[in-house]
Amino acid sequence: MPLITDPYFYLVAIPAVLLLGMSKSGFGAGFGSLAVPMMALAVTVPQAAAILMPVLLVMDLLGMAAFRNNVDRRLLKFLLPFGLVGIVIGTLLFKMMDARLVAGIVGGFTLVFLAQRLLFPPKPDSVPPPRWVGALLTAASGFTSFVAHAGGPPINAYIIPMRLSPLVFTGTMAFFFFFINIAKWIPYAWLGLLDLRNMTTSLALLPFAPIGVWVGVRIAHRIQPKLFYRLIYAGMLLTGIKLLWDAWG
């Protein structure tokens, strides 16, 4: 049948889609990177990434509509070219990479950044990372987004020190990942990942996308900035541990 029918797949895929939707709204932003690792408990990483493509499109559109007035356009203009460079690199290296190696790199980077933020928190007058660091981290975000929809941790390492308000942070990231995810469609088709079975399965999961976004949007508009970033750190911790576990498993 042109549809995954294994009940175990949906047992892990539905919570993954809900978490991804909440992350698109800004609430629990770090948890979005858990979606592919969760689904990879039932299918391969490339298949999980392909199934999520239409779901991500709907979520990105909902997120942009909700936060269209909360975007740092100057920052977005700087980020997008480097994110697209990461997409190109991911496309060229996709078939040569071991999925566990990518998981380990992303997971290790996530935990190192989190440890640095917690052990050596920035002072109120500290400056954000320089732009060349932002360029490298954004390209890394495009790359890890392409291979596992895990672009959040690298770009968070650049954006979080800017101390944007929760709404501006969320709106800017919503628009950034919309363009990044749109850029994946042609390479994914070229790599043969957008087959009928994956796309039909994605349609079955699609109703859960707006539910996750709706829940997250309602919370994001009411949450205090301090708690907001604590939840991001918690999500990054779980993401880093899960990705490293996948790499060593």
Do W132 and F143 share a hydrophobic cluster, counting only Ile, Leu, Val, Met, Phe, Trp and Tyr and linking them when any side-chain heavy atoms are less than 4.5 Å apart?
-> yes

To the nearest 0.5 Å, what is the distance between CD1 (I155) and CZ (F82)?
-> 11.5 Å

Without swapping roles, check the side chain of T172 against the backbone of F169 for a donor-acceptor pair under 3.5 Å.
-> no

Any chance you could measure L76, atom CG, to F178, atom CZ, to the nearest 0.5 Å?
-> 11.5 Å

Flag yes if more than 12 heavy atoms outside W190 fall under 6.0 Å of its CH2 atom; otherwise flag no.
-> no

For the pair S202 (side chain) and N198 (backbone), establish whether a donor and an acceptor sit closer than 3.5 Å, ignoring hydrogens and angles.
-> no

Are the side chains of F176 and D72 in touch, meaning some heavy atoms are under 4.5 Å apart?
-> no

Does the side-chain contact (heavy atoms from CB on, under 4.5 Å) test come out yes or no for F175 and N70, once each step is laid out?
-> CA-CA 10 Å; F175 275 78; N70 304 103; over 6 Å; no

Side-chain heavy atoms of L164 within contact of L75, under 4.5 Å | yes

Closest contact, heavy atoms only, V55 versus A209 = CG1-CB, 4.0 Å

Are P15 and F208 close enough that some pair of their side-chain heavy atoms sits under 4.5 Å apart?
-> no

Does any non-hydrogen side-chain atom of F179 lie less than 4.5 Å from one of L84?
-> no

Find out if a path of hydrophobic residues (ILVMFWY) with successive side-chain heavy-atom gaps under 4.5 Å connects L196 to L193.
-> no

Are the side chain of T91 and the backbone of P187 linked by a donor-acceptor contact shorter than 3.5 Å?
-> no

Verify the cluster assignment for M96 and F94: are they in a single hydrophobic cluster under the rule of side-chain heavy atoms below 4.5 Å apart?
-> yes

In Å and rounded to the nearest 0.5 Å, what is the CG to CZ distance from L62 to F67?
-> 11.0 Å

When hydrophobic residues are tied together by side-chain contacts of less than 4.5 Å, even through go-betweens, does L79 share a cluster with V88?
-> no

Any side-chain heavy-atom pair from L61 and M64 closer than 4.5 angstrom?
-> yes

Got a second to check how far M53's CE is from M199's CE, nearest 0.5 Å?
-> 7.5 Å

Does K184 reach the main-chain N or O of H149 with its side chain, forming a donor-acceptor pair under 3.5 Å?
-> no

Minimum side-chain heavy-atom gap N156-L137 below 4.5 Å | no

Which is it for I51 and I4 under the side-chain contact (heavy atoms from CB on, under 4.5 Å) test, yes or no, and what are the steps along the way?
-> CA-CA 10 Å; I51 290 170; I4 295 176; 3.8 Å; yes

d(I160 CD1, M162 CE) to nearest 0.5 Å is 11.0 Å

Ring geometry between F146 and Y188 (parallel below 30°, tilted from 30 to 60°, perpendicular above 60°) = perpendicular

Output, in order, the C-alpha distance, side-chain angles, deciding distance and verdict of side-chain contact (heavy atoms from CB on, under 4.5 Å) for V168 and V71.
-> CA-CA 5 Å; V168 173; V71 181; over 6 Å; no

Tell me, with the steps shown, if V17 and L52 meet side-chain contact (heavy atoms from CB on, under 4.5 Å).
-> CA-CA 8 Å; V17 170; L52 285 174; 4.1 Å; yes

What is the distance from atom OG of S141 to atom OH of Y158, rounded to the nearest 0.5 Å?
-> 13.0 Å

Do I180 and I186 share a hydrophobic cluster (ILVMFWY, side-chain heavy atoms under 4.5 Å, transitive)?
-> no

